[in-house]
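Take a look at the structure below.
Worth saying up front: this structure is predicted, and the values here are computed from it rather than measured. Heavy-atom basis, side chains included; hydrogens, waters and symmetry copies ignored. First the proteins, then the strands, lettered A, B, ... as listed; each starts at 1.
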Number of protein chains: 4
Amino acid sequence: MRIAVLCSGGDAPGMNACVRAIVRAGISAGHEVIGILRGYSGLLREEFFLNEQGQPRMSLRSVSDIARRGGTILHTSRCEEFYTESGQKRAAEILRKYKIDALIPIGGDGTFHGAVALAKYWDGQIIGCPGTIDNDLLGTDYTIGFATAVHTAVDAVDKLRDTADAHERMFLVEVMGRHSGYIALYTAIAASAEIACIPETPTEVSEIIRQLHELKSRGKTSVMMIVAEGDERGGAAALQKALCENGCPFETRVLALGHLQRGGSPVPQDRLLAARLGDFAVRSILAGKTGCMAGEQRGELVLVPFEQTYAAHKPVPQELVRLLETLAS
Amino acid sequence: MRIAVLCSGGDAPGMNACVRAIVRAGISAGHEVIGILRGYSGLLREEFFLNEQGQPRMSLRSVSDIARRGGTILHTSRCEEFYTESGQKRAAEILRKYKIDALIPIGGDGTFHGAVALAKYWDGQIIGCPGTIDNDLLGTDYTIGFATAVHTAVDAVDKLRDTADAHERMFLVEVMGRHSGYIALYTAIAASAEIACIPETPTEVSEIIRQLHELKSRGKTSVMMIVAEGDERGGAAALQKALCENGCPFETRVLALGHLQRGGSPVPQDRLLAARLGDFAVRSILAGKTGCMAGEQRGELVLVPFEQTYAAHKPVPQELVRLLETLAS
Amino acid sequence: MRIAVLCSGGDAPGMNACVRAIVRAGISAGHEVIGILRGYSGLLREEFFLNEQGQPRMSLRSVSDIARRGGTILHTSRCEEFYTESGQKRAAEILRKYKIDALIPIGGDGTFHGAVALAKYWDGQIIGCPGTIDNDLLGTDYTIGFATAVHTAVDAVDKLRDTADAHERMFLVEVMGRHSGYIALYTAIAASAEIACIPETPTEVSEIIRQLHELKSRGKTSVMMIVAEGDERGGAAALQKALCENGCPFETRVLALGHLQRGGSPVPQDRLLAARLGDFAVRSILAGKTGCMAGEQRGELVLVPFEQTYAAHKPVPQELVRLLETLAS
Amino acid sequence: MRIAVLCSGGDAPGMNACVRAIVRAGISAGHEVIGILRGYSGLLREEFFLNEQGQPRMSLRSVSDIARRGGTILHTSRCEEFYTESGQKRAAEILRKYKIDALIPIGGDGTFHGAVALAKYWDGQIIGCPGTIDNDLLGTDYTIGFATAVHTAVDAVDKLRDTADAHERMFLVEVMGRHSGYIALYTAIAASAEIACIPETPTEVSEIIRQLHELKSRGKTSVMMIVAEGDERGGAAALQKALCENGCPFETRVLALGHLQRGGSPVPQDRLLAARLGDFAVRSILAGKTGCMAGEQRGELVLVPFEQTYAAHKPVPQELVRLLETLAS
C-alpha cells in the first residue's frame with residue numbers, strides 16, 4: 001500500500017512524533033509512506049517530502065530524531081481552495097495520480113471537515129489523528145499538543161507568580177482556546193491560579209470583584225487569573241478593563257501567551273499519545289477502516305467517525321470546575 | 001473533624017500539590033487539618049507542622065505556593081519501628097491523644113502496608129493517596145510523581161542523544177523501578193530510545209546483540225537503551241559489561257539517573273492528579289469511607305482497598321512493549 | 001554593625017541570591033542584617049522581615065534555599081513619597097531610630113537616585129547592588145537579572161521558531177528595554193533571529209522591507225524579529241502595522257513577552273553575579289565605603305559612585321550589532 | 001579562500017553555534033567553507049559535510065536552525081592515528097589535495113596539540129576555537145560549553161535539593177573536570193551547595209567531617225556537596241566511602257552527572273560566545289593570522305598562541321573559593 005500523511009491547520013507539538021510513528025509503523029508493515037508538505041494546500045500543489053536520496057517517499061531515516069522537535073517537518077497550512085468543491089475534486093485526482101491508497105491527515109476539526117469533503121470524491125481510506133492544542137475534539141480524551149500547551153502555560157504562570165508576589169499584583173494570563181476552556185482550566189488548576197474565565201461558564205464581573213475582595217481580605221497579596229481567549233468578555237485585556245472600571249482591589253497586569261503555546265519540544269505525554277495514535281492509524285488502515293479519527297478514550301484506542309468529532313461542543317469536566325473553586329479557597 | 005496528613009517512603013514530585021489539596025479541601029469543608037512531619041516516624045515522635053502562628057495546625061496560607069515545589073514540606077521518611085506491633089500500637093495511642101479522626105497517608109505500597117497494620121489498633125478513618133514515582137500500585141492508572149519522573153528521564157535522554165550523535169555511541173541509561181518497568185518503558189517510547197530492558201520481560205544478551213547489529217547495519221550511528229534498575233541483568237552497568245563481553249558493535253557509556261528522577265517541580269499532569277486525589281481523599285473521609293486508596297482509573301476517581309493495591313504485580317501495558325518495537329524499527 | 005537591605009523598583013531574578021549573600025556575608029563577619037520589606041515604601045512604613053523567631057532580623061536560616069527562587073522574599077515596590085524631600089527626611093529618621101549603620105539597596109537607576117537623595121539627610125553608609133533586567137546601568141558590565149531575562153526570551157523565541165517554521169511565518173517578538181536594546185540584541189544573536197530593532201539605532205521600515213525581500217529571495221521561509229519595547233517605532237505591534245502597510249513579504253504575528261522576563265528561577269550566571277556583588281557590597285561597607293554601586297567590570301569587582309551609574313546612556317556593543325548582521329546573512 | 005572547519009575531542013554544547021558563525025562569516029566575506037566530519041579522524045578518511053545539493057561545501061542553509069542544538073552536526077571523535085607523525089603528514093597532504101587554505105579546529109587542549117603538530121607539515125593557516133565544557137584552557141576566560149555544563153549541573157542539584165530536603169540527607173554530586181575544578185566551583189556557588197571538592201585544593205576527610213558536624217549543629221538538615229571527578233580522593237563514590245568510614249553525621253547518596261553535562265541546548269551565554277569566537281576566527285584568518293586560539297579575555301576578543309593555551313594549569317579564581325565558604329556559613 002501507499003499511505004500518505006499530512007499536517008493541516010494550526011501546528012501542535014507532537015505532530016512530528018505522530019509522523020514518525022506513521023512512517024515507522026507503515027514501513028515496518030511493508031508499506032510505503034508519502035509525506036505531503038503544507039497540508040491540503042501542498043497536496044493541491046503536489047508538494048512532497050523528499051528523503052535523503054531525493055525521492056518523494058519517507059524513509060526510516062527521514063524521521064530520525066524528530067519526535068522531540070516542535071512544529072512539523074511536513075509544514076502545515078490552512079487552505080481556502082480545498083474548501084471548495086473544485087479543490088476537493090482536484091485533490092482526489094492528485095491522490096489517484098500518485099496512486100495513494102490511504103491518507104492520514106493530522107489536525108483539528110477543520111482538517112476533519114476537509115477529510116469528509118474529500119471522501120465524496122476519493123475512495124481511498126482516510127484515518128485522521130487529532131493534532132490540535134485546544135483539546136476540543138469529541139471522541140478523544142486528549143488531543144496531540146494539548147499537554148504541551150498546558151505545560152508551557154503553567155511554566156509561564158509559575159514565572160509570573162514570582163514577579164506577582166514580589167510586587168503584590170494580579171496577573172490576567174490569556175491562554176489559547178477560542179471556543180474551549182480546556183487549556184485555561186487545566187492551567188489554572190496545575191498552576192494554582194485563583195480564577196479561570198472560560199467560554200463554557202458565565203464571567204460575571206461583579207462576582208469576580210466580590211471574589212477578589214474576599215481573597216484580599218484573607219491576606220492574599222498576589223492573584224493569578226487565567227483567561228481563555230474565547231471567554232465571552234473578549235479576552236484578558238477586555239476583562240482587565242472591565243475589572244478596573246468596577247473597582248478591582250488589586251493592581252493588574254496582562255499577558256497573552258499566544259503562539260508560545262504551540263511551540264517547544266513536546267512533553268512525554270504528547271509524544272506518547274502521538275506515537276500511539278500514529279501507529280494505531282496505520283493499523284486501522286491496514287485493517288480496512290476509513291472515515292474515522294484515531295482517538296484515545298479512557299486509556300483505550302478507538303476509532304470515531306469524523307462527523308462525530310465536531311458534532312457538538314466538547315464540555316469541560318465539571319469536576320475540575322468545582323476542584324478549582326475548592327483549591328482557590 | 002480533625003484530619004491528619006503525612007508523607008511516607010520515598011518522596012515523589014506532586015506530594016506538595018496533594019498536601020495543598022487536602023488542606024484546602026479539608027478547611028473549606030469546615031474541618032481541621034494537621035500535618036504530621038517525617039511520616040510514621042514523625043508520628044511516633046509527635047512532630048507536627050506549625051503554621052505561621054506557631055500552632056500545630058495547617059492554615060490555608062501554610063500551603064500557599066507549594067504545589068509547584070518538589071519534595072514535600074511535611075518531609076518524609078522510612079520508619080522501621082512503625083513496622084512492629086508495638087510501634088503501631090503507640091501510633092494509635094498518639095492519634096487518639098491528639099483526637100485525630102482521620103488520617104491521609106501519601107506514599108507507596110510500604111505506606112499502605114503500614115496503614116493496614118495501623119487500622120488493627122486504631123479505629124479512625126484512613127484514606128491513602130498514591131505518591132510514588134514507580135507507578136507500581138494496582139488500582140490506579142498513574143501514581144503521583146510518575147509523570148514527572150518520566151519527564152526528567154526523557155529530558156536526560158534527549159540531552160544524551162545530542163552527545164551520542166556527536167560521538168556515534170550507545171548509551172545505557174538506568175532509570176528507577178526496582179520491580180517495575182513503567183518508567184523505563186514510558187521513557188523509552190517518549191524519548192525515541194531503541195531498546196528498553198525491564199524486569200517484566202527477559203533480557204537476552206545475545207538477542208540484544210543481534211538487534212544492535214541490525215540497527216548498525218541499517219545505518220544507525222547512535223543508540224539509546226533504557227534499563228530499569230530492577231532489570232534481571234542487574235542494572236545498566238552490569239548489562240554494559242555483559243554486552244561488551246559478547247561483541248557489542250557500539251562503543252558504550254552508562255548513566256544512572258538515580259535520585260534526579262525524584263526531584264524538580266512536578267509537571268502539570270502530576271499537579272493535577274495530586275490535586276484531584278487529595279481533594280477526593282478528603283471527600284471520601286467526609287463520606288465515611290476508610291481502608292482505601294484514592295485512585296484514578298480510566299479518568300474516574302475510585303476507592304480501592306489498600307490490600308488490593310499491593311496484592312499483585314502491576315503489569316506494564318503490552319501495547320506499549322509492542323509499540324516500542326515498531327517505533328525502533 | 002547593623003546593615004539593612006531592601007529591594008526596590010521592578011523585581012529581577014537573582015535579587016534573592018543577592019539578599020542571601022548579603023545576609024550570609026554580614027552575619028559571618030559578625031554583624032546584624034535587617035531586611036526592609038517593600039523597598040523605600042516599606043522603609044517609610046517601618047516594615048521589616050521577621051525571622052523564624054519572629055524577630056526583625058535576618059538569620060542564616062531565613063535565607064536558606066532562596067537563591068534559586070525568582071522574585072524577592074523582601075518584596076519590592078516603587079514609592080512616590082520617597083522621591084519627595086519630606087519622604088527622604090523621614091526615611092533618614094527611621095534609619096536612625098532603628099540604629100541602622102548601613103543600607104544596601106538592590107535595584108536600578110531609580111533606586112540609586114533615591115539612595116543619593118537619602119544620603120543628603122542620613123550619614124549612614126550606602127552601597128547599592130545593580131538589580132534590574134535591563135542592563136542599563138553604567139559601571140557594571142552586567143546587572144543582576146539580565147542573563148535570566150535573555151534566557152527566558154531566547155527560550156520563547158526558540159519555541160516560536162518551531163511554529164514559525166511549520167507555518168512559514170515571521171514573528172515580531174517584543175522584549176523589555178524602554179531605553180535600552182541590550183535584551184533585544186543579546187536575544188537576537190543567541191536565538192539566531194534575523195533582525196533586532198533597538199532604541200539605539202534607527203529603525204527604517206523601508207530598509208527592513210528590503211532586507212525581508214532579500215531573505216525571502218534567498219529561500220528563508222520563516223523570520224524572527226526581536227523588537228525592544230522602547231524602539232522608536234513604538235514596539236512590536238506598531239512596527240507590525242508599519243511593515244504590513246509597506247508590503248511586508250511575510251505573514252506576520254506578534255508576541256510581547258512582558259513580565260515573563262522578570263520571573264523564573266535565576267540562571268547560574270545571575271546567581272553567581274548576585275552572590276559576588278552581595279558579598280562585595282558587605283565587604284565594601286566593612287571597609288568604610290559609601291555612595292557607590294558594587295559592580296563588575298571585565299571580571300573585576302569595582303565600586304562606582306551612584307551618580308556615574310545613571311549619568312549617561314549605556315551604549316550597546318557595536319561589535320554585537322555588526323555580528324548580528326553577519327550571522328543573519 | 002577555502003576555509004575548513006572541524007570539531008574534535010569531547011563534544012560541547014555550542015559547537016553548532018560556532019560552526020554556524022564560521023560558515024556565515026566565511027560565506028558573507030566571499031569565501032568557501034568546507035565541513036570536515038568526525039574531527040581529525042574524518043580528515044584522514046576524507047569525509048566531508050554534504051550540503052543540500054550533495055556538494056562537499058557548507059551553504060548558508062546547511063547551518064539554519066542549528067545554533068540551538070546540542071552536539072555537533074559535524075560529529076566529533078578522538079583520533080589516535082593523527083597523533084603520529086605519519087598521520088599528521090597524511091592530513092597535510094589531504095588538506096593540500098583539497099586546496100584548503102585555512103583550518104578552524106573547534107575543541108580542547110588535545111585538539112590544539114594536534115593543530116600545532118599539523119602545522120609542522122602544512123603551511124595553511126590554523127585558528128582554533130575553544131570548545132570544551134571543562135573551561136581548562138589558558139588564554140580565554142570561558143570556553144564554549146562551560147556555561148551550559150554548569151547550567152545542567154545546577155539544574156540537577158536544584159532537583160536533588162528537593163529530595164534531599166524531603167529526606168534530610170546529604171548528596172555528593174559528581175561533575176566533570178578531570179584536572180579542573182571550574183565546573184564544580186561554579187556549580188557549588190550557583191546551586192547554593194555547602195561544599196566543593198576540587199583537584200586544586202586538598203580534600204581532607206577529617207576537615208569535611210568537622211564542617212559537616214558544624215552544619216548539623218547549626219540545624220542544617222540537608223547538605224549538597226559538589227565533587228569534581230578529578231578530585232584527588234577519586235570522585236564522589238570514593239569520597240562517600242571515606243566519609244562514611246569516618247563518622248559522617250548525615251545519611252548520604254551519590255549521583256554522577258556524567259555525560260548529561262555535555263548535552264542539551266546550549267544556553268544563550270554559550271551561543272553568544274560561540275558566535276563571537278567563530279566570527280572572530282574567520283576574521284583572524286582573513287587578516288592573515290595563524291597558530292592561535294580565538295579567545296575572550298575580560299570581554300575582549302584575543303588571539304593566543306596554541307602553545308600558551310595548554311602550557312600550564314588554569315587556576316580557579318580564589319575569590320570564588322572564598323565566596324563559597326562565606327555563603328555556606
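Side chain to side chain, A/D270 and A/T148 meet the donor-acceptor criterion of an N or O pair below 3.5 Å. A side-chain donor from one of B/S265 and B/R271 sits under 3.5 Å from a side-chain acceptor of the other.
In this structure, chain A has no heavy atom under 4.5 Å from any part of B/F280. Interface remark: B/I66 contributes no atoms to any contact with chain A (heavy atom separation under 4.5 Å). When heavy atoms are compared at a cutoff of 4.5 Å, B/E325 does not approach chain A at all. For a residue to count as touching a neighbouring chain, one of its non-hydrogen atoms must lie under 4.5 Å from one of that chain's; by this rule B/L327 touches chain A with backbone and side chain alike. Looking at B/R24, both its backbone and its side chain come within 4.5 Å of chain A, counting heavy atoms on both sides. A/L301 touches chain B through its side chain: at least one heavy atom from C-beta onward sits under 4.5 Å away, while N, CA, C and O do not. There is no contact between B/I27 and chain A, counting heavy-atom distances below 4.5 Å. At a 4.5 Å heavy-atom cutoff, the contact between A/D165 and chain B is made by side-chain atoms alone.
Crowding of A/R61 atom CZ: a count of heavy atoms from other residues, nucleotides or ligands under 6.0 Å not exceeding 12.
A/F171 has its side chain out of reach of A/V157: every pair of non-hydrogen atoms, C-beta onward, lies at least 4.5 Å apart. Residues A/Q269 and A/L272 have side chains not in contact (no heavy-atom distance under 4.5 Å, counting atoms from C-beta outward).
In this structure, B/H151 and A/H151 have parallel ring planes: the angle between them is below the 30° cut-off, well short of the 60° mark.
Salt bridge absent: A/D162 and A/K159 never bring a charged side-chain N and a carboxylate O closer than 4.0 Å.
With respect to chain B, the highest number of heavy-atom pairs below 4.5 Å among A/G299, A/A67, A/A275, A/A147 belongs to A/A275. With respect to chain A, the highest number of heavy-atom pairs below 4.5 Å among B/V23, B/D158, B/D155, B/D141 belongs to B/D158.
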